[in-house]
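Structure first, commentary second.
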Amino acid sequence: MSEADFDIIVVGSGCAGAVAAYVAASAGKSVLVVERGNYAGAKNMTGGRIYSHALKPVFPDFEEEAPLERKITHERIAMLSADSEMTIDFTSPELAREGADSYSVLRGPFDQWLAEKAEAAGAEYICGIAVEELLRDGSGRVVGIRAGEDEITGSVTIVAEGVNALLSERSLGNPRPAANQMAVGIKEVFELPSQVIEDRFLLPEGEGAAMLFVGDCTKGRVGGGFLYTNRESISLGLVATISTAAAGENPVPVYQMLEDFKNHPAVAPIIRGATMVEHSGHMVPEGGHDMIPQYVFDGALLAGEAAGLCMNMGYQVRGMDFAVASGRMAAEAACEALDAGDVSAAGLAGYRRRMEDSFVIKDLATFSKWPHVMEGWDSMFNDYPTMAAEVMNALFCVDGEPQQPLRRRIMPIVKKRGLIKTAREVKKAVSAL
Ligand SMILES: Cc1cc2nc3c(=O)[nH]c(=O)nc-3n(C[C@H](O)[C@H](O)[C@H](O)COP(=O)(O)OP(=O)(O)OC[C@H]3O[C@@H](n4cnc5c(N)ncnc54)[C@H](O)[C@@H]3O)c2cc1C
């Protein structure tokens, strides 16, 4: 194996690739990272919030070093009808507990920090050029990459190309995800002074809020809105499943959904007076466990979203912690295989073992039914937000007319949607959670 140009080639410097490069270079391996963006993070996007538990084992001092925005100590989940909002607003010291804490991040600075860590550990970087193909020898083993006119060999290639997994599809034969397994995300970043953000979200100084929305933000279709507070900005956007966003009968394009979302009474006051400084779009895998492809090959491993690792639970969005952990495990397994002199799929099987023993595959397996429940649960996106508004109006409106007892006001609202149907839907959802 010593004849290869590098021990390990990493494709892509997102969360998975940069962490893989850092771990492998720190273990003394020669590592090359090829990133198609002009710099790490140039093309990357998240909502977003990263759960710290995955970062800590790799970067024990990340809280002091990484460009984190705010520690998220306030969680909100909102149901929106066209003109109403019902929000659960939760805060607790548990959200800030070490190991269970999470931080808002902006991918530009965050990914550059990860890349700097990998470079400082000894990884070499080539930016601004895309890997077009994985090279294979006569036996089919991956032996390197082709980028432009350059062919570079590596004993192990870690493919961390993200959601648009073209190398995985073209060079490794993995299937293209179905339209209902993919969503499109769009996001804008709004600048606001730090104190205005804290006042609008009732936050102690320096702390942050995360907010997820369901309902009118995607015009009653599968998907949802998100909002994260940064130090001096707010990330606001939405995610809509491709199969519905692109469906011929969909009268509202995704960009219009975002425009309407920004003008919704639940959102407009939050971004009032703010300056929009960034607009981005990106795909996101939403199929969960069912869309994990083969991720261990002779000479190659897939990590992060290239391996389909992402989970949108409606109340939690996770992809970056999976990417960081899978990047770490891919690098550990690659180093182990190199040391043993066997980089075949059997030699690299330590990656699969690590993944299956970790929260990554376990969590995706536990919630494997959830994407199917979401897909078939139209009323969660249109009828329930309206029902919530009707129930809340029945609770809070006092207009001087003699009032009916509460149950007589509320039961008809639920009954007109079918008590049994509603109970069945909720039971099915709860069993998938
Ligand atoms: C709208 C939205 C909201 C999200 N919100 C959250 C959130 O709040 N929390 C969370 O944890 N996750 C969230 N996610 C998911 C999360 O962003 C991803 O799971 C995570 O970024 C995946 O990391 P990765 O390293 O696998 O891929 P990426 O971060 O996408 O990195 C892939 C890298 O590979 C490079 N690349 C691609 N192809 C090539 C090539 N051929 N040659 C060279 N380089 C290449 C790209 O330029 C990129 O730098 C969100 C995603 C979206 C779209």
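All ligand and atom numbering here is 1-based and tracks the order in the structure. The model shown is predicted, which means the values in this text are computed figures rather than measured ones.
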Inset, instruction - Go through ligand 1 atom by atom and flag the ones less than 4.0 Å from a non-hydrogen atom of H282. - result: 53 (C)
Legend entry - Heavy-atom proximity to atom 33 (C) of ligand 1, best of G17, S235, A160: A160
Legend entry - Enumerated ligand 1 atoms positioned under 4.0 Å from heavy atoms of G48: 7 (C), 8 (O)
Legend entry - Sub-4.0 Å heavy-atom approach of Y228 to ligand 1: yes
Inset, instruction - Any atoms of ligand 1 less than 4.0 Å from a non-hydrogen atom of V11? List them with their elements. - result: 40 (C), 42 (N), 43 (C)
Legend entry - Atoms of ligand 1, numbered as shown, that sit under 4.0 Å from any heavy atom of M283: 53 (C)
Legend entry - S13 side chain to E35 side chain, donor-acceptor N/O pair below 3.5 angstrom: no
Inset, instruction - Have a look at A323, A40, A54 and point out the one with the heavy atom closest to atom 23 (O) of ligand 1. - result: A323
Legend entry - Atoms in ligand 1 flagged as close to G162, the criterion being non-hydrogen separation under 4.0 Å: 27 (O), 30 (O), 32 (C)
Inset, instruction - Calculate, to the nearest 0.5 Å, the distance between atoms OG1 and CG belonging to T87 and L212 respectively. - result: 11.0 Å
Inset, instruction - Specify the closest pair of heavy atoms between V33 and G12, including all atoms of both residues, with the distance to one decimal. - result: CG1-O, 4.1 Å
Legend entry - Close-contact set for ligand 1 against E161 heavy atoms, below 4.0 Å: 32 (C), 34 (O), 36 (N), 37 (C), 38 (N)
Inset, instruction - Determine, considering heavy atoms only, which of R107, E305, M320, K43 sits nearest to atom 21 (O) of ligand 1. - result: R107
Legend entry - Residue portion contacting ligand 1 (non-hydrogen atoms closer than 4.0 Å) for Y51: neither
Legend entry - Partner residues of D199 under the salt bridge (Lys or Arg N to Asp or Glu O under 4.0 Å) criterion, sequence neighbours left out: none
Legend entry - Parallel, tilted or perpendicular: rings of H53 and F359 (30°, 60°): perpendicular
Inset, instruction - Enumerate the atoms of ligand 1 whose separation from the nearest heavy atom of G14 is less than 4.0 angstrom. - result: 25 (O), 29 (O), 31 (O), 33 (C), 49 (O)
Inset, instruction - Select one of side chain, backbone, both or neither to describe which atoms of N44 lie under 4.0 Å from any atom of ligand 1, heavy atoms only. - result: side chain
Legend entry - Proximity winner for atom 44 (N) of ligand 1, if only heavy atoms of R170, R36, E133, E286 are counted: R36
Legend entry - Identity of the nearest option to atom 4 (C) of ligand 1, non-hydrogen atoms only, from G47, G12, G304: G47
Inset, instruction - Heavy-atom contacts with G319 under 4.0 Å: which atoms of ligand 1 show up? List them by number with element. - result: 10 (C), 11 (O), 12 (N), 19 (O)
Inset, instruction - Quick one: list whatever passes ring pair (Phe, Tyr, Trp, His ring centres under 6.0 Å) with F297, sequence neighbours left out. - result: none
Legend entry - T153 side chain vs D5 backbone, donor-acceptor pair below 3.5 Å: yes
